[in-house]
Amino acid sequence: MKCRSLIAFLLVLCAFTLTGAQEGIGPPDSISADSTRGDSILPPAPVGNLKAWDTDDDHGHSVTLEWEISSDDGAGQNSVLSYEIFRWTPFFMDTLKGIRNSLAQTEAYIAELQAFLPRAKKRLKVHRKGEPGVGFADSVAFYVDTIAASERWLPLHKDRLGQLRRERAQAIDMIPQAHKSYPEQGEWRKVGTALSGQTSYVDAGVKEKVSGDYLADHADYYYRVDAVTADSTIRTSSEIAGPVQSYGQFFNTGRIPVFVAVIVFTFLTVFFVTKARRGADLYVRPLAGIEAVDDAIGRATEMGKPILYVLGLGTAADIGTIASFTILGRVAKRVAEYQTKLIVPCYDPIVMTVAQEIVKSAYLDAGRPDDYYEDIVYFVTQSQFAYVAAVNGTMLRELPATNMYMGVFFAESLILAETGALAGSIQIAGTDQVAQLPFFIVACDYTLIGEELYAASAYLGREPILLGSLKAQDYAKAAVMVLALLGLIAVNLDWTAFTDLFVVAK
Amino acid sequence: MRRQIPLMLVFIFGIFMIFQYFVPHESSEWIYEFLLDWIYIIGIFALALGIWSLIRVSVAKIKAHKSGWGYPIITLAGLFLMILFGFTGYRDGSWGFYFMTAEGLSNPMFRHFFDYIMIPIQSTMFALLAFFIASAAYRAFRARNIMASLLLVAALVVMLRFNPYLGPIGPVIADTASWLLNVPNLAAKRAIIIGVGLGMVATSLKIILGIERGYLGKG
Amino acid sequence: MDFGTFLWTTLGAFLTLATFSFLYKDNPFYKLAEHLVVGVSAGYFVIILWHNALVPLLFQRLSDGDWYLLWFNSSTPWYWIPAILGAMMWTRFSRNYAWVSRWPLALYIGIATGLAVPLEMANRVNKQLYASMANIDLGNFWGQGFLDATAGYSQVIIFAGAIAGLFYFFFSKSHTGVFGGVAKFGIWILMIGFGASFGYTVMGRISLFINRVQDLGLWGEAAFNASNPNHSGWFLAVFWIMVMGVAAYIVVELVKFARAKA
Amino acid sequence: MNIFDRMMSLDRRWVFLLLVVVCAVTYIVPFQVPIRVEGEVRSIYDFIDTLKPGEIVFIAIDYDPNALAELHPMCYAVMEHCFRKNLKVIVTALSQNGPGMAEQAILNISDSLMLDREYNGVLYEGREIRNGEDYAFLGYKPYFALVILGMGQNFRIPFPTDYYGTPLDSIPMMQGVQNYDQVACVVDLSAGNITDAWISYGQGRFYFPLALGLTGVMGADYYPYLNSRQIFGLMAGLYGAAQYEEMANNPGLAKDGMRVQVYAHLVIILFILMGNIGYFMGRRDEKK
């Protein structure tokens with residue numbers, strides 16, 4: 001009865017996956033258009049001068065094709081609707097596809113068995129203790145059989161899985177060799193469509209060997225482009241381009257401008273830092289926001305109220321948050337000296353861990369290790385507006401004398417700033433998020449705009465090597481301004497050779 | 001050992017990631033994806049530290065019996081209920097704990113807590129911005145000096161762009177508003193983004209080259 | 001809406017009003033909503049990160065090995081490395097081994113900063129530098145209409161404003177003399193730009209508030225609309241309890257206010 | 001604490017209270033607020049208004065539910081205008097969950113078409129609009145670029161049958177309608193991704209008049225296409241929809257929304273001015 005059919009089904013499924021049935025693959029055709037037109041379209045002119053080469057500056061596995069559009073595209077009969085790109089594919093690829101399919105089926109079947117076994121065992125326990133009576137006997141026997149059968153099949157399938165994986169690996173290594181048998185033992189298969197008017201197409205596969213559309217490197221590929229009219233049966237093929245091999249490059253030439261910029265900037269930083277170490281005195285203009293930090297901490301001490309430091313909604317991977325760490329370190333040192341209460345609610349666990357480490361060592365530096373207790377820096381939650389609700393509540397209950405918002409902020413910046421103003425605190429903010437700067441500038445007493453957040457740690461620390469790195473930044477800015485001016489003049493004189501130097505490819 | 005090796009790790013991995021950007025080859029991509037998984041997994045493990053800190057702070061508040069000590073109980077209750085619902089699922093006739101498969105996500109109580117507790121409160125906190133933008137504008141838009149008055153005038157012009165009661169100067173205000181949004185706004189963004197870009201690279205280099213060590217703490 | 005959904009929507013409406021009460025002042029209703037959402041969202045992220053990240057990223061990758069070999073024979077055993085690094089983070093629970101957690105942190109920050117150096121240089125500095133080399137449209141220099149953003153003079157102002165803004169951000173020169181003048185022009189452009197974007201976002205924020213009010217409207221419609229299938233006196237009772245509660249609270253506030261005034 | 005000091009340091013809760021009152025009143029009381037109409041929206045209305053009955057307008061509904069708030073009012077306003085002018089409408093939905101919204105729009109419009117309504121002083125009796133005579137809904141096909149190109153040759157290539165399965169040849173209004181040449185204009189409502197395909201593959205190759213309806217955020221980026229004549233009209237965001245409703249004298253969702261926005265902005269501007277007047281007067285007293 002029902003259980004018998006279940007066993008039968010299981011056995012058939014095992015048999016089916018073991019044989020690894022083949023199923024044919026037909027070329028995916030373009031939009032099926034049953035030709036319901038009166039006048040017949042003449043075959044269009046073919047695509048001219050088809051060229052194919054390995055796409056450069058990439059991780060390989062892709063070939064770029066370029067051609068001149070057919071004379072019947074946009075002119076002449078104007079009948080060309082799209083171009084279909086064909087690649088010569090050896091039949092060997094079908095066997096590889098067959099291996100992939102049976103591998104997928106085996107994996108699916110193993111997963112099903114692994115899910116089925118614990119449930120069946122549980123049901124078996126239930127039936128053993130459970131209600132006696134008709135049909136009880138064979139249902140226990142049924143479960144014992146199926147569990148035994150499944151446990152017998154499972155290792156068999158696991159070995160098959162291992163064997164199929166080895167087969168797949170060998171088949172993939174044989175792809176380049178299989179492509180050498182061109183033009184025998186293979187056929188033209190459509191790999192893509194380009195719209196009329198387009199003159200290039202990138203035939204890109206993926207680098208993962210496990211996936212279906214993996215395109216092997218170092219294999220000879222041949223391409224053909226058909227100009228196709230509205231009626232897909234009327235088309236004309238171009239001559240064949242190839243053999244072409246795809247491979248990965250080791251240097252992305254499109255990113256040379258960035259490479260030069262990084263090298264120059266690193267050199268500037270190292271140069272000025274070493275110059276600063278040898279004691280060169282570096283002038284740095286005063287920053288209102290930074291001076292406010294010192295007297296804000298003083299104010300908090302007189303009023304005996306705590307200081308709230310918010311590191312923002314960035315993770316420790318955001319550079320804005322890392323800059324905020326260094327500011328927190330210096331603020332915590334001063335707070336420890338003045339013995340004021342510090343509150344640091346955190347949004348991200350890693351940021352909390354690093355902040356705890358910083359505040360603890362700041363208290364050590366100030367010679368007050370015992371004042372430090374674990375809960376100065378605490379975790380709230382990782383959802384934006386729940387975090388804001390909690391910090392708002394803390395502000396109104398602790399009424400801090402000074403709020404500092406340093407780091408990466410999003411839409412909640414104005415909520416924090418307005419609540420802080422409601423609580424009557426002096427507020428100093430600093431963020432690199434351009435969209436939030438208007439709100440901080442309006443609602444806070446002092447705001448460090450964009451780059452000033454990154455300069456703050458150098459200002460607060462006053463160490464010469466940090467001021468040296470600041471000088472490097474200024475020189476880089478000067479370079480950017482000069483280049484922008486030269487570029488502007490060059491563009492307007494149509495001397496594009498200069499501006500092309502600065503194009504950053506993908 | 002406690003500080004030298006971490007600084008060396010930062011230097012090695014930092015330099016590698018800088019050069020990895022310029023090498024599109026497959027091998028560098030595999031390592032890049034693998035390292036990103038590291039960051040992600042380390043972040044998830046650290047969540048345990050965060051939850052532990054939340055629990056410890058809440059328990060401390062409850063023990064201290066200060067005013068409002070009842071509320072942290074609600075926090076802990078919400079936390080444990082949500083975790084409980086997240087791991088219990090209903091499958092073939094019985095409720096049970098499912099850790100490896102995601103039945104918990106379709107647990108009705110889990111969905112209800114999300115749809116009827118988290119969503120209303122979070123979108124209402126977001127909606128508070130409508131009020132705070134009004135009170136911030138009232139409180140802080142004062143023409144104290146030239147900079148503040150430029151800020152004020154630009155905001156007023158843009159806020160009046162679709163106001164119908166302006167008569168003949170309506171179109172003029174609308175054109176000025178779209179000009180302000182397209183020209184000075186773009187210049188400001190460009191200056192700040194270039195500055196921030198240089199600042200970010202400088203800060204990252206300071207960390208990789210070991211100039212800035214504060215984040216590692218002492219001792 | 002069946003009865004259960006209505007109870008849940010009532011809870012949602014109550015929490016919405018509790019959060020809005022923050023506009024008046026910090027009160028027990030807001031404290032309730034705040035602590036509740038902190039706990040629930042923290043729990044939510046534990047579950048989401050467990051099911052959607054930890055299980056697929058780590059457990060499933062190691063699971064095709066066998067437990068008695070500690071999954072070392074899985075097809076990707078090297079995923080043990082991030083797992084060990086993650087576990088090293090837990091040394092922060094103990095006081096004297098906390099320094100061990102510096103290793104995974106160092107890796108975390110090292111990878112992040114290394115990632116940022118070329119990426120931020122390319123996306124921010126190079127891209128903006130190339131964008132600023134725009135072609136000044138001399139043909140249409142004075143543009144049409146009152147103020148034309150695509151005209152030549154606008155492009156000159158964009159370029160000059162960006163350069164002046166950069167002048168303002170110079171650290172190693174004091175803002176005096178000609179240099180100070182250009183920097184002042186720069187900060188003026190910044191302020192006009194910030195004012196404009198502040199004014200532009202007001203409309204968006206107000207529609208946020210309107211959507212919340214519409215949501216409350218849906219709840220009100222279900223509570224009071226007699227034709228609603230599961231409408232019954234019970235819900236009005238729920239509503240009146242809430243109204244009474246809020247009214248009592250307002251009375252208490254007024255009394256306190258009056259006493260404070262006296 | 002003279003009047004000016006009080007003006008400057010009002011308690012913020014009065015600001016909140018007045019904002020809530022203004023938003024509530026303007027949301028509930030359906031009074032009309034005039035909307036200033038700009039050229040780019042006027043040109044769409046005038047183009048459709050001058051079409052003769054029986055001409056075909058092609059409306060492409062290419063947005064997803066998240067852009068619903070801004071683009072649905074535009075769709076209702078344009079469609080109501082076309083049907084009131086006895087024009088025929090072809091509707092396509094090339095975004096994933098476009099068909100659902102297109103059907104909902106057609107349903108609501110056909111309901112409101114039943115009633116007699118007066119627009120700009122002209123009385124239009126209610127009439128029942130029927131699928132196949134007044135409008136044809138072609139439905140959704142993937143690869144929107146290929147679909148737009150295919151329709152340039154013949155609608156039947158990408159859409160052999162309409163959304164409900166009836167072949168195009170047996171739809172009365174589609175007799176003799178081959179491709180865009182028989183269509184008066186195309187109005188594309190989208191959140192930006194499909195718009196570029198309509199501009200480059202649609203208007204760029206078959207030169208039919210194209211008008212765009214976009215979300216507020218995307219609107220600003222498409223003004224250059226207006227100057228280069230690639231599109232003859234552009235509606236951006238809720239304000240764009242409100243302008244069309246104003247022209248069509250058919251106040252709907254957009255004008256309600258704009259009513260609240262106009263008065264809420266006025267309240268905020270009022271408080272800003274009050275704060276500044278108090279500030280200046282206060283300072284003048286100190287100087288004295």
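The structure presented is a predicted model; accordingly, all values stated were derived computationally and were not measured. Reminder, nothing fancy here: chain letters follow the sequence lines and each chain counts from 1.
- Nearest heavy-atom pair, B:Ser149 versus B:Ala143, reported as atom, atom and distance to 0.1 Å: CB-CB, 3.8 Å.
- For C:Phe194, the parts sitting under 4.5 Å from any heavy atom of chain B are the backbone and the side chain alike.
- The part of C:Tyr153 that comes within reach of chain B is its side chain, from C-beta onward, which places non-hydrogen atoms under 4.5 angstrom from that chain.
- Side-chain atoms of B:Arg56 never come within 3.5 Å of backbone atoms of B:Ser53 as a donor-acceptor pair (strictly under, hydrogens ignored).
- For C:Val55, the part lying near chain B is the side chain, with the backbone staying farther off; criterion is any non-hydrogen pair under 4.5 Å.
- Between B:Trp38 and B:Phe34, the ring-plane angle classifies as perpendicular under the 30° and 60° cut-offs.
- In this structure the side chain of B:Leu152 reaches within 4.5 angstrom of the side chain of B:Leu156, judged on heavy atoms.
- C:Leu119 places none of its side-chain heavy atoms less than 4.5 Å from the side chain of C:Arg124.
- Residue C:Met88 does not touch chain B at all, counting heavy-atom pairs closer than 4.5 Å.
- A donor-acceptor pair under 3.5 Å links the side-chain atoms of B:Thr203 to the main chain of B:Gly199, judged by distance alone.
- With a 4.5 Å cut-off on non-hydrogen atoms, C:Ile163 does not touch chain B at all.
- Side-chain polar atoms of B:Arg111 and B:Ser106 form no donor-acceptor pair below 3.5 angstrom.
- Neither the backbone nor the side chain of C:Asn123 comes within contact range of chain B; no heavy atoms are under 4.5 Å apart.
- Across B:Ile146, B:Leu49, B:Leu186, B:Leu35, the residue that shares the most heavy-atom pairs under 4.5 angstrom with chain C is B:Leu49.
- Only the side chain of C:Phe169 comes within contact range of chain B, judged by heavy atoms closer than 4.5 Å.
- Of the listed residues (C:Leu129, C:Ile81, C:Ile206, C:Asn126), the greatest number of heavy-atom pairs within a distance under 4.5 Å of chain B belongs to C:Ile81.
- Contacts with chain C were tallied for B:Leu180, B:Ile12, B:Asn182, B:Leu129; B:Leu129 has the most, counting heavy-atom pairs under 4.5 Å.
- Each of B:Ile193, B:Ile207, B:Leu160 has some count of heavy-atom pairs under 4.5 Å with chain C, and the biggest count is that of B:Ile193.
- Ring centers of C:Tyr24 and C:Tyr30: at least 6.0 Å apart, outside the cut-off.
- Nearest heavy-atom pair across B:Met147 and C:Ile187 is SD-CG1, 3.1 Å.
- The aromatic rings of B:Phe110 and C:Tyr44 sit parallel to each other, their planes meeting at less than 30°, with 60° as the upper class boundary.
- Ranked by non-hydrogen atom pairs under 4.5 Å with chain B, the options C:Leu166, C:Ile48, C:Leu105 are led by C:Leu166.
- In the model, C:Tyr79 has a side-chain atom that pairs as donor or acceptor with a side-chain atom of B:Asp37 under 3.5 Å.
- Annotation: C:Phe185 is not in aromatic contact with C:Tyr168 [ring centroid separation under 6.0 Å not met].
- With a 4.5 Å cut-off on non-hydrogen atoms, C:Phe22 touches chain B through its side chain but not through its backbone.
- Under a 3.5 Å cut-off, the side chain of B:Asn107 and the backbone N or O of B:Gly86 do not form any donor-acceptor pair.
- C:Trp50 touches chain B through its side chain: at least one heavy atom from C-beta onward sits under 4.5 Å away, while N, CA, C and O do not.
- Between the side chains of C:Ser132 and B:Arg190, no donor N or O sits under 3.5 Å from an acceptor N or O.
- When the candidates B:Ser123, B:Gly197, B:Gly195 are compared by the number of heavy-atom contacts under 4.5 Å with chain C, B:Ser123 comes out ahead.
- Contacts of C:Ala13 with chain B are absent, with no heavy-atom separation under 4.5 Å from either backbone or side chain.
- Using a 4.5 Å cut-off between heavy atoms, C:Phe170 makes no contact with chain B at all.
- With chain C as the partner, the residue from B:Asp175, B:Val10, B:Ile41, B:Ile121 showing the most heavy-atom pairs under 4.5 Å is B:Ile121.
- Residue with the most contacts toward chain B among C:Met191, C:Lys127, C:Arg92, C:His51: C:His51 (heavy-atom pairs, distance under 4.5 Å).
- Between chain B and the residues C:Leu17, C:Val213, C:Ile111, the largest count of heavy-atom pairs under 4.5 Å involves C:Ile111.
- With a 4.5 Å cut-off on non-hydrogen atoms, C:Leu23 touches chain B through its side chain but not through its backbone.
- For chain B, the nearby parts of C:His35 are the backbone and the side chain; heavy atoms of each come within less than 4.5 Å.
- Residue contact with chain B, scored on non-hydrogen atoms closer than 4.5 Å, involves the side chain of C:Ile109 exclusively.
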